[in-house]
Enquirer: 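Supplied in structure tokens, the structure appears directly below.
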Amino acid sequence: MLETTHSLIKKVGKQLGLSDKQIADVLKINAEHRFEIELDNGKKFPAYRIQHNNKRGPYKGGIRFHPEVDLDEVRALATLMSLKTAAVGLPMGGGKGGIVVNPKELDKEELEELSRKYAKYLAPHIGPDKDVPAPDVNTNSQVIDWMLDEFESITSDSSHAAFTGKSVGRGGSLGRDTATGRGGVIVLRELLEKLGRSDKPLTYALQGFGNVGSFFSLSASQLRPQWTMIAATDSRGGIKDFDGLDAEEVNKFKSAGGALKDYGHGKMITNDELIGIKADVLVLAALDGAVTNNNMAQVQADIVVELANGPVNDEAYEYLTNRGVIVVPDILANAGGVIVSYLEWVQNKENRRMNEIEVNKELERYLARATTQIYNYSQKQKVSLKEAAVAIAIKRLI
């Protein structure tokens, strides 16, 4: 992932006519924190926090708990976060953190101890005006609440602005849970308007009916009722029904602990089969590397939305783009989460509370503006949306 990210920045940097030094400045990581956390019971876990770029504001980026976390992955994600915040016009930088752990193997007490010791180690290096972490893979508001509590007990900071993605009772923002999925709907809606397709019926297939994917479908049913979900999968497969799947009913089934393949409506499909579904839009909200050179020829959608980070690899992206498929890049499509994280930070800093309507209005304002800027740049310069987004980000970073 790191090599791919660097290659993209170098490619776009050359298109912009930047010098090798300017490109190196964009690639440069400001600080790396590598350490080991030892629990009271003797269990040890490697941990990281990468602070890539803070020219536009405090570092911003999630913390993931996963057994496959590695240093290069965290470096890449920190770099991509710098691009994302710049591309959508946020006054924040890019960072990322992670612990090499399977949280399912820890009990609640161990998970709390791990979270608190992570925050304790990083306390001198993070804070409301330095670095503002958030939840990511396998972390949530409870983990962040523990980290915030530890940080504030050490620093006496009481703004609650050192972390975002907190519970609402600890200063978290309304609208944060739905922000990434809802943001994907807003970006797709804006793009369709520019393509002259905003009022036409649309079908979509959704890979990854989890937190982000479910909120995409629920937001779509609310904001764009003429869109029809015809297929959906989770990690174990799913279903297709060309007559349409009801987002609320599917969500209720999933929330009750069911696997989508057992939903009982439509026909069962695998995740591989979903990639080749004949739909107007393919929404990828599961994992990176969902579309590769192995299955890229199966894609029948005209538009692919990268709601996950890096679900279309480089070779597949180039192949699909050359075929005329529009791939909406992750740094735009899933930016809703970091936008509302920024709004949470602002609310904490200013000691005020926005209601959900106000949050959603600001989310829409940021994403509508960013989509327009990126689309117009891609049309003018005759480059893909991904190259346009990265070009705009790089210009803002230098």
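Note that the structure is a prediction, hence the values are computed from the model and not measured.
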Enquirer: Between K43 and E38 (salt bridge meaning N to carboxylate O under 4.0 Å), is one present in this structure?
Expert: no
Enquirer: Nearest 0.5 angstrom please: E110 CD to D107 CG, how far?
Expert: 4.0 Å
Enquirer: Please check if any side-chain donor atom of Q347 sits under 3.5 Å from a side-chain acceptor atom of S173, or the reverse.
Expert: yes
Enquirer: In Å and rounded to the nearest 0.5 Å, what is the CD to CD distance from E150 to E112?
Expert: 9.0 Å
Enquirer: Quickly, which of K60, E344, R176 forms a side-chain hydrogen bond (donor to acceptor under 3.5 Å, both in side chains) with T164? Name it, please.
Expert: K60
Enquirer: Suppose the criterion is side chain to side chain donor-acceptor pair (under 3.5 Å): which pairs have a residue in residues 253-265, not counting sequence neighbours?
Expert: D234-K254
Enquirer: Looking at every non-hydrogen atom in both residues, tell me the closest pair between T371 and L332 and how far apart they are.
Expert: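 Result for this residue pair: OG1-CD1, 3.8 Å.
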Enquirer: Going hydrophobic residue to hydrophobic residue with side-chain gaps under 4.5 angstrom, can you get from L385 over to L282?
Expert: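 The answer is no; the residues belong to distinct hydrophobic clusters.
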Enquirer: Is it the case that atom NZ in K267 sees more than 12 heavy atoms from other parts of the structure closer than 6.0 Å?
Expert: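 No, not enclosed.
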Enquirer: Take K349 and D129, measure what salt bridge (Lys or Arg N to Asp or Glu O under 4.0 Å) needs, and give me the verdict at the end.
Expert: CA-CA 10 Å; K349 293 273 286 182; D129 300 308; 2.5 Å; yes
Enquirer: On a heavy-atom basis, which atom in A389 and which in A87 lie closest, and how many Å separate them?
Expert: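 In terms of heavy atoms, the two residues are closest at O-CB, 3.9 Å.
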Enquirer: Checking side-chain polar atoms at under 3.5 Å, does S167 have a donor or acceptor matched by the opposite partner on D145?
Expert: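 Per modelled atom types, S167 and D145 side chains form a pair under 3.5 Å.
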Enquirer: Would you tell me whether N348 and K166 have side-chain atoms, one donor and one acceptor, within less than 3.5 Å of each other?
Expert: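 Yes.
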Enquirer: Under 4.5 Å between side-chain heavy atoms, chaining through other members, with only Ile, Leu, Val, Met, Phe, Trp and Tyr counted: pull out the rest of the cluster around V74, sorted by chain and number.
Expert: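 I29, Y48, I50, V69, L71, V100, all in the cluster of V74.
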Enquirer: Just how far is it from atom CG of L83 to atom CD1 of I394, taken to the nearest 0.5 Å?
Expert: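 The CD1 atom of I394 is 6.5 Å from CG of L83, to the nearest 0.5 Å.
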Enquirer: Measure across N53 and N30 and return the closest heavy-atom pair with its distance rounded to 0.1 Å.
Expert: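 Scanning both residues completely, I find the closest heavy atoms to be CA-ND2, 3.6 Å.
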Enquirer: Assess whether atom CG of N351 is packed by more than 12 heavy atoms of other residues, nucleotides or ligands within 6.0 Å.
Expert: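 Counting neighbours around CG of N351, 12 or fewer heavy atoms of other residues, nucleotides or ligands fall under 6.0 Å, so no.
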Enquirer: Under a 3.5 Å threshold, yes or no: a donor from one side chain and an acceptor from the other, between N334 and E306?
Expert: no
Enquirer: Between the side chains of E273 and K240, is the shortest nitrogen-to-carboxylate-oxygen separation below 4.0 Å, so that they form an ion pair?
Expert: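 No.
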Enquirer: For the atom pair CG (D136) and NE2 (H66), what is the distance rounded to the nearest 0.5 Å?
Expert: 10.5 Å
Enquirer: Please list all pairs meeting side chain to side chain donor-acceptor pair (under 3.5 Å) that have one or both residues in residues 195-205, counting only residues at least two apart or in different chains.
Expert: T203-D280
Enquirer: Once rounded to the nearest 0.5 Å, what's the spacing between atom CG of L90 and atom CG of L343?
Expert: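 One gets 8.0 Å once the value is rounded to the nearest 0.5 Å.
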Enquirer: For T233 and N271, test the side chains for any donor-to-acceptor distance below 3.5 angstrom and give the result as yes or no.
Expert: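 On atom types as modelled, these side chains qualify, holding a pair under 3.5 Å.
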Enquirer: Taking all atoms of both residues into account, what is the closest heavy-atom pair of K395 and Y377, and its distance?
Expert: NZ-CE1, 3.7 Å
Enquirer: Run through the side-chain heavy atoms of Ile, Leu, Val, Met, Phe, Trp and Tyr, join any pair under 4.5 Å, and report what else lands in I63's cluster.
Expert: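 Listed partners: F35, I37, L39, F45, F65, I99, V101, L106, L111, L114, Y118, Y121, L122, I126, V143, I144, W146, M147, L148, F151, F163.
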Enquirer: State plainly whether the residues R75 and E32 are in salt-bridge range, i.e. N to O under 4.0 Å.
Expert: yes
Enquirer: Is the shortest distance from a Lys or Arg side-chain nitrogen in E113 or K117 to a carboxylate oxygen in the other one below 4.0 Å?
Expert: yes
Enquirer: Quiz question: by atom type and distance under 3.5 Å, do the side chains of T270 and D272 form a donor-acceptor pair?
Expert: no
Enquirer: Give the C-alpha distance, both sets of side-chain angles, the deciding distance and a yes or no for salt bridge (Lys or Arg N to Asp or Glu O under 4.0 Å) between R369 and E190.
Expert: CA-CA 9 Å; R369 181 180 64 187; E190 292 296 310; over 6 Å; no
Enquirer: May I ask you to check whether over 12 heavy atoms, not counting those of Q226, lie within 6.0 Å of atom CD?
Expert: yes
Enquirer: So which atom in P135 and which in G165 form the shortest heavy-atom distance, rounded to 0.1 Å?
Expert: CD-CA, 3.6 Å
Enquirer: Holding to side chain to side chain contact (heavy atoms under 4.5 Å, CB included), I want the full list of residues that pass it with D177, two or more places apart in sequence or in another chain.
Expert: F215
Enquirer: Atom CG in N251, atom CG in D246: separation rounded to 0.5 Å?
Expert: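 CG of D246 is found 10.0 Å from CG of N251.
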Enquirer: Under a plain distance cut-off of 3.5 Å, with no hydrogens placed, do T139 and R64 share a side-chain donor-acceptor pair?
Expert: no
Enquirer: In chain order, what residues pass the salt bridge (charged side-chain N to carboxylate O under 4.0 Å, His left out) check against K361, with sequence neighbours excluded?
Expert: none
